[in-house]
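Order of the sequence lines fixes the chain letters, A, B, ..., with proteins taken first and strands second; residue numbering starts at 1 for each chain.
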Number of protein chains: 2
Amino acid sequence: MPSKSRIKGHTESADDYLKAILELSGPEDQRVASNALAIHLGIRAASVTGMLQKLSTDKPALVKYQKHHGARLTTAGRKRALEVLRHHRLLERFLHDFLDYGWDEVHEEAERLEHFISEKLEDKIAAKLGDPLLDPHGHVIPERNGAFSARDEVNLLNWACGVPALISSVSDRDASDLRAIERLGLRPGTSVVVEAGVRNASLLVRIGGQNSTIRLGQHLAAQIFVVARTPQASAA
Amino acid sequence: MPSKSRIKGHTESADDYLKAILELSGPEDQRVASNALAIHLGIRAASVTGMLQKLSTDKPALVKYQKHHGARLTTAGRKRALEVLRHHRLLERFLHDFLDYGWDEVHEEAERLEHFISEKLEDKIAAKLGDPLLDPHGHVIPERNGAFSARDEVNLLNWACGVPALISSVSDRDASDLRAIERLGLRPGTSVVVEAGVRNASLLVRIGGQNSTIRLGQHLAAQIFVVARTPQASAA
DNA sequence: GCTCTGTTTTAGGCATGCCTAAATTACTAA
DNA sequence: TTAGTAATTTAGGCATGCCTAAAACAGAGC
């Protein structure tokens with residue numbers, strides 16, 4: 001299918017690669033291995049190689065790619081990746097705030113729609129929401145101009161016991177995990193203190209407000225990210 | 001690209017064929033010629049043939065097709081076509097009512113998104129809008145269950161002079177024409193009387209409310225559809 | 001340095017969906 | 001009935017983007 005239903009020369013598939021590279025390259029902009037991409041995208045490594053070759057030889061190259069040494073985004077590639085990420089997170093916020101979606105439902109719908117949102121719709125949605133900074137899971141929404149500074153969050157598993165923390169974000173990868181996290185009252189913005197580190201694959205966590213303590217499985221804890229309690233808030 | 005970003009076995013392309021057949025087959029469900037489809041879709045007739053063959057041999061056949069004798073929708077095909085049409089018109093209404101889109105802007109965005117709306121989002125949007133009956137151009141929105149009765153509108157060009165009429169709908173195919181129509185005050189729901197038929201390629205039309213008369217080019221008049229003034233309203 | 005293992009790339013295939021060019025069929029009018 | 005034209009279909013190609021199997025490579029340990 002040619003470019004009828006698509007913005008410029010972008011394809012949904014290419015968007016997915018760019019998003020994956022952005023996510024996997026981390027704050028240090030490390031090179032991303034073909035294999036890592038293949039696993040992340042749920043496809044074969046051979047397919048990844050082919051696509052990286054294509055992306056790196058496009059007119060405005062979206063990816064810098066060296067055989068056997070992985071890929072990283074070019075400026076153009078990063079721009080597009082952030083654009084799609086912005087679409088995704090704005091959509092999540094919109095579906096959640098205006099269309100009564102639960103925070104466990106927004107990811108799937110946004111994942112599908114993010115590729116097809118025009119600049120105009122992006123702007124209208126952002127305006128309607130009042131230019132939000134965070135999506136429903138606490139992730140930073142890249143700005144329109146491409147500005148994007150990921151906060152330096154720390155995984156709850158690695159947070160020191162006894163140090164007051166604020167939940168900053170939660171992974172949105174698994175809907176049922178999100179429901180479990182919500183049931184425990186661990187939304188972004190919640191104050192917590194780790195009382196006892198990983199023991200029997202669980203943490204003891206004291207939740208700020210009610211001073212109650214819960215036992216949190218390692219699997220869920222790994223999906224929760226926190227910052228020190230001092231910094232500026234992180235409203236959900 | 002496989003079915004990742006797509007509902008079941010449907011492709012955007014197939015959706016477009018089904019919509020086109022629905023539209024071109026008229027209320028009588030006439031067979032639609034390959035050529036007519038090719039022109040409507042902006043592609044070559046040879047491509048149409050190939051796709052019709054495919055659509056007619058799918059597991060649930062979406063199209064009944066006979067060589068050299070055009071195609072018509074099967075029950076399954078009509079169901080899908082109406083589903084997509086419902087998506088399109090709900091989206092138009094939503095973009096117009098909630099996101100400040102002008103009625104000349106909604107078509108393009110809806111055309112792109114209609115293929116990717118989940119049933120859930122469809123329902124949420126419909127609920128938010130209060131299950132609207134008409135899109136911003138006055139077209140009937142098919143119901144969730146597939147019920148769809150097109151009104152028997154008449155093209156303004158064919159309306160008898162002197163008989164009071166109500167504008168029921170307006171073609172949304174061309175944005176600038178829509179702006180022109182709006183400038184003339186000819187929105188759906190407006191009362192009009194044709195004072196003089198096609199002469200010098202234009203109509204003289206009296207607009208109900210202000211009793212003013214305008215000269216309407218044939219090109220625009222062809223995009224306006226009316227019903228007799230008696231029937232129940234047709235709020236925009 | 002060399003081998004072993006796991007990663008990565010090449011080679012060849014398949015499905016979608018479009019194209020052009022060439023054949024075929026249908027229709028219309030003499 | 002028969003030609004001539006227009007509509008339609010076939011045949012062969014191309015790009016996307018995935019796959020498998022097999023070859024090539026890289027890094028670790030000996």
Side-chain angles (χ1 to χ4, degrees), chain A residues 1-21 24 30-59 61-72 77 80 84 112 115-116, chain B residues 1-21 24-25 30-59 61-72 77 80 112 115-116:
Chain A
M1 153 208 24
S3 54
K4 252 185 109 176
S5 63
R6 181 179 308 137
I7 294 165
K8 276 199 0 196
H10 299 301
T11 64
E12 304 106 76
S13 181
D15 283 349
D16 288 337
Y17 278 83
L18 298 178
K19 268 205 320 176
I21 296 172
L24 295 177
Q30 310 237 315
R31 289 173 307 187
V32 179
S34 303
N35 219 12
L37 279 171
I39 291 169
H40 188 89
L41 294 169
I43 61 179
R44 299 303 173 151
S47 307
V48 171
T49 298
M51 182 58 101
L52 289 182
Q53 287 169 341
K54 198 194 149 290
L55 290 177
S56 66
T57 54
D58 276 354
K59 342 216 211 164
L62 299 169
V63 146
K64 231 167 306 175
Y65 167 64
Q66 267 189 303
K67 271 189 196 176
H68 297 282
H69 292 287
R72 61 169 40 132
R80 176 60 187 168
V84 178
R112 201 159 5 89
H115 307 289
F116 309 106
Chain B
M1 155 204 23
S3 53
K4 253 186 108 174
S5 64
R6 183 179 306 137
I7 295 164
K8 273 196 4 192
H10 298 303
T11 65
E12 304 106 76
S13 182
D15 283 350
D16 289 337
Y17 278 83
L18 298 178
K19 269 203 322 175
I21 296 171
L24 295 176
S25 61
Q30 310 237 314
R31 289 174 306 187
V32 178
S34 303
N35 218 12
L37 279 171
I39 291 168
H40 188 89
L41 295 170
I43 61 179
R44 300 302 174 155
S47 307
V48 171
T49 298
M51 182 58 102
L52 289 181
Q53 288 169 342
K54 197 194 149 290
L55 289 177
S56 66
T57 53
D58 276 352
K59 339 215 214 168
L62 299 169
V63 146
K64 231 168 306 176
Y65 167 65
Q66 268 189 301
K67 270 189 197 178
H68 297 281
H69 293 286
R72 62 170 38 134
R80 176 60 187 168
R112 201 159 5 88
H115 307 289
F116 309 107

Original post:
Is A:Y65 near enough to C:dT8 that one of its side-chain N or O atoms lies under 4.0 angstrom from OP1 or OP2?
Top reply: no

**OP:** Produce a footprint string for nucleotides 19-26 of chain D: one letter per nucleotide, 5' end first; B if the base is under 4.0 Å from any protein heavy atom, S if only the sugar-phosphate is, - if neither.
**Re:** BBB---SS

**OP:** For D:dT8, take OP1 and OP2 only and decide whether either is under 4.0 Å from a side-chain N or O of B:Q66.
**Re:** no

**OP:** Find the distance B:E12:CD to C:dC18:P and express it as a whole number of Å.
**Re:** 10 Å

Original post:
Do any side-chain nitrogens or oxygens of A:S34 fall under 4.0 Å of OP1 or OP2 in C:dT9?
Top reply: yes

Original post:
Tell me: CG of B:D58 to P of C:dG17, nearest whole Å?
Top reply: 9 Å

Original post:
Between A:D15 and A:K19, is there a salt bridge with N-O shorter than 4.0 Å?
Top reply: no

Original post:
Within this structure, what is the CG-to-C1' distance between A:L37 and D:dC18, rounded to whole angstrom?
Top reply: 15 Å

Original post:
What nucleic acid atoms does B:T49 come within less than 4.0 Å of, heavy atoms only: base, sugar-phosphate, or nothing?
Top reply: base

Original post:
Distance check: side-chain N/O of B:T11 vs OP1/OP2 of C:dG17, anything under 4.0 Å?
Top reply: yes

**OP:** Mind calculating the distance between OH (A:Y17) and C1' (D:dT16) to the nearest angstrom?
**Re:** 11 Å

Original post:
Rounded to whole angstrom units, what separation is found between the CG atom of A:D15 and the P atom of D:dT16?
Top reply: 15 Å

Original post:
How close or far is atom P of C:dG17 from atom CG of B:L41, stated in whole angstroms?
Top reply: 13 Å

